[in-house]
Amino acid sequence: MSLHHGALTGLKVVDASRVLGGPICGQMLGDHGAEVLKIESPAGDDTRAWSPPNLGPVSAYFSGANRNKSTQVLDFNQAADFAQFTELLRNADVLIENFRPESASKWGLTREFTAALNPRLIHCRVSGFGDVGPMAGLPAYDTAMQALCGLMSVNGTAESGPMRVGLPVVDMTTGLNAMIGILLALQARHATGLGQLVETTLFANAVSLLHPHASNYFGNGAVPRLSGNAHPNIYPYDAFTTRTGSIYMAVGNDRQFATLCDHLGLAALAQQPEFASNPQRSIHRESLRSLLQEALQTENAVGLADTLVRKGVPCAAVQDVAQLLASEQAQAAQIVVEMGNGYRGIASPIQLSDTPASYRKTPPVFPGR
């Protein structure tokens with residue numbers, strides 16, 4: 001087989017999901033060569049209406065999760081349309097769907113049905129809670145899951161109160177793990193010749209993000225609290241202000257701390273017993289923060305970050321999205337993908353030497369009926 005479009009060239013994917021978790025999984029498979037057909041209801045994917053802004057002929061939100069796909073409108077409540085869908089599954093390798101259980105049950109879209117229809121089909125189901133527990137089958141969106149699963153309880157400050165992470169981290173993680181599950185099932189199919197059900201839930205993915213807060217709770221029994229920009233286990237691992245803006249310093253070991261102190265003219269600080277090791281720095285973080293913050297008041301955030309990182313101290317000036325996308329690093333890494341029809345997007349973060357990602361289709365315009 002010629003892998004001229006990527007590692008997954010030849011893989012046929014029916015993406016019947018909507019919003020973000022499932023669609024981002026389908027987009028990643030498409031980026032790496034899979035042929036992805038997006039199935040939409042007559043109303044279209046909800047995110048087509050999540051605008052402004054728009055990017056070309058579609059909403060910017062929809063655009064971010066639906067490149068490298070074709071689309072077809074089918075109404076599963078119509079027998080003829082559902083029959084078309086089943087014919088697509090007969091020749092597919094992967095089905096991605098995130099239907100509510102009552103809808104899937106009404107149509108008969110069960111794992112038993114898809115396995116009988118096509119034993120090699122990998123059926124990937126993305127759901128809020130799965131089919132177990134008192135919340136089985138209930139709807140879920142990213143931010144509600146951040147609230148339910150403890151993410152908001154550790155994100156924010158005493159002044160702000162609990163806050164959501166400013167991006168759909170639960171949906172994105174769910175999409176990533178859905179893709180990983182599909183790839184695992186494809187590997188298993190090489191040995192068995194059979195597909196299987198792959199399921200990942202927003203609930204499980206949200207909980208999986210609680211590192212190190214859950215581990216800390218298991219270790220000491222203390223309920224994790226709002227931590228602001230500071231790390232609960234490491235210090236200085238926090239945001240600081242300088243003369244020209246904010247800098248985040250992620251000092252992970254004693255050597256890095258000594259280098260930081262030496263550069264700031266505070267070499268003796270690294271030798272003091274209360275700051276000589278990370279456990280001690282973490283315990284005495286308030287006094288250490290005051291000392292570092294005073295020394296940073298005359299510094300330039302961008303220049304300081306560049307100097308320190310080249311000395312081996314992980315840190316960065318805090319940038320906004322525009323600054324990031326215009327940066328030399330983003331341009332060198334070809335982080336922005338541009339295609340026709342006004343499309344701009346973020347490139348796949350997966351780099352393969354022989355079968356790289358490719359960008360062949362802009363997000364599909366809704367075809368209607």
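Quick note: numbers below take in every heavy atom, side chains included, and nothing from hydrogens, waters or symmetry partners.
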Where is the tightest heavy-atom contact between [X] and [Y], given as atom of each residue plus distance?
{"X": "Pro101", "Y": "Gly137", "answer": "CG-CA, 3.5 Å"}
{"X": "Ala92", "Y": "Val14", "answer": "CB-CG2, 3.9 Å"}
{"X": "Asn233", "Y": "Arg285", "answer": "N-NH2, 4.1 Å"}
{"X": "Met339", "Y": "Arg360", "answer": "SD-N, 4.0 Å"}
{"X": "Ser208", "Y": "Thr173", "answer": "OG-CG2, 4.5 Å"}
{"X": "Cys315", "Y": "Leu308", "answer": "SG-CB, 3.5 Å"}

Could you tell me whether the side chain of [Y] reaches within less than 4.5 Å of the side chain of [X], counting heavy atoms only?
{"X": "Glu97", "Y": "Val126", "result": "no"}
{"X": "Asp171", "Y": "Tyr141", "result": "no"}
{"X": "Ile180", "Y": "Leu184", "result": "yes"}
{"X": "Met145", "Y": "Phe129", "result": "yes"}
{"X": "Asp93", "Y": "Ile122", "result": "no"}
{"X": "Thr244", "Y": "Val302", "result": "no"}
{"X": "Thr355", "Y": "His32", "result": "no"}
{"X": "Ile96", "Y": "Val13", "result": "yes"}

Please lay out, stage by stage, how Val318 and Ile247 fare under the test side-chain contact (heavy atoms from CB on, under 4.5 Å).
CA-CA 6 Å; Val318 177; Ile247 185 173; over 6 Å; no
Mind running side chain to side chain donor-acceptor pair (under 3.5 Å) on Gln297 and Thr242 for me, showing each step along the way?
CA-CA 5 Å; Gln297 289 308 296; Thr242 72; over 6 Å; no
Electrostatic pair Lys311:Asp262 at N-O distance under 4.0 angstrom:
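Not counted as a salt bridge, because no side-chain N and carboxylate O are separated by less than 4.0 Å.
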Can Arg281 and Glu274 be counted as an ion pair, charged N to O under 4.0 angstrom?
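No, no charged N to carboxylate O under 4.0 Å.
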[X] side chain vs [Y] backbone, donor-acceptor pair below 3.5 Å:
{"X": "Glu338", "Y": "Arg344", "value": "no"}
{"X": "Arg310", "Y": "Thr307", "value": "no"}
{"X": "Thr174", "Y": "Val170", "value": "yes"}
{"X": "Tyr248", "Y": "Asn229", "value": "yes"}
{"X": "Ser160", "Y": "Gly156", "value": "no"}
{"X": "Ser327", "Y": "Ala330", "value": "yes"}
{"X": "Glu87", "Y": "Ala83", "value": "no"}
{"X": "His284", "Y": "Gln280", "value": "yes"}
{"X": "Thr47", "Y": "Trp50", "value": "no"}
{"X": "Glu40", "Y": "Val73", "value": "no"}

Take atom [atom1] in [X]; do more than 12 heavy atoms of anything else shown fall under 6.0 Å from it?
{"X": "Gln84", "atom1": "CD", "result": "yes"}
{"X": "Phe203", "atom1": "CZ", "result": "no"}
{"X": "Tyr61", "atom1": "OH", "result": "yes"}
{"X": "Glu102", "atom1": "CD", "result": "yes"}

Do you reckon [X] sits in the same ILVMFWY cluster as [Y], going by side-chain contacts under 4.5 Å, direct or chained?
{"X": "Met28", "Y": "Val198", "answer": "yes"}
{"X": "Val19", "Y": "Leu55", "answer": "no"}
{"X": "Leu304", "Y": "Val251", "answer": "yes"}
{"X": "Leu11", "Y": "Val36", "answer": "yes"}
{"X": "Leu194", "Y": "Leu183", "answer": "no"}

Say you draw a straight line from [atom1] of [X] to [atom2] of [Y]; how long is it, rounded to the nearest 0.5 Å?
{"X": "Ser348", "Y": "Ile350", "atom1": "OG", "atom2": "CD1", "result": "4.5 Å"}
{"X": "Leu74", "Y": "Phe85", "atom1": "CG", "atom2": "CZ", "result": "8.0 Å"}
{"X": "Leu264", "Y": "Leu269", "atom1": "CG", "atom2": "CG", "result": "9.5 Å"}
{"X": "Leu260", "Y": "Leu296", "atom1": "CG", "atom2": "CG", "result": "7.5 Å"}
{"X": "Asn66", "Y": "Thr71", "atom1": "CG", "atom2": "OG1", "result": "8.0 Å"}
{"X": "Asn98", "Y": "Thr200", "atom1": "CG", "atom2": "OG1", "result": "12.0 Å"}

What I want to check is whether the side chains of [X] and [Y] have a donor and an acceptor closer together than 3.5 Å.
{"X": "Tyr359", "Y": "Arg67", "result": "no"}
{"X": "Ser70", "Y": "Lys38", "result": "no"}
{"X": "Arg100", "Y": "Ser103", "result": "no"}
{"X": "Asn278", "Y": "Asn253", "result": "no"}
{"X": "Asn91", "Y": "Lys12", "result": "no"}
{"X": "Asp142", "Y": "Gln146", "result": "yes"}
{"X": "Tyr235", "Y": "Asp238", "result": "yes"}

In terms of ring plane angle, is the pair Trp107 and Phe76 parallel, tilted or perpendicular, where the classes change at 30° and 60°?
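Trp107 vs Phe76 ring planes: perpendicular.
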side-chain contact (heavy atoms from CB on, under 4.5 Å) assessment of Leu20 paired with Met172
CA-CA 7 Å; Leu20 188 55; Met172 298 290 285; 4.2 Å; yes
Steps toward side chain to side chain donor-acceptor pair (under 3.5 Å) verdict (Glu199, His123):
CA-CA 8 Å; Glu199 183 162 16; His123 183 158; over 6 Å; no
What do the steps show when you test Leu226 against Asn155 for side-chain contact (heavy atoms from CB on, under 4.5 Å), and what is the final call?
CA-CA 5 Å; Leu226 295 170; Asn155 191 52; 5.6 Å; no
Worked check of side chain to side chain donor-acceptor pair (under 3.5 Å) between Ser127 and Arg125
CA-CA 6 Å; Ser127 64; Arg125 177 179 296 147; over 6 Å; no
Could you go through the side-chain contact (heavy atoms from CB on, under 4.5 Å) check for Phe113 and Thr86 one step at a time?
CA-CA 10 Å; Phe113 172 78; Thr86 59; 3.4 Å; yes
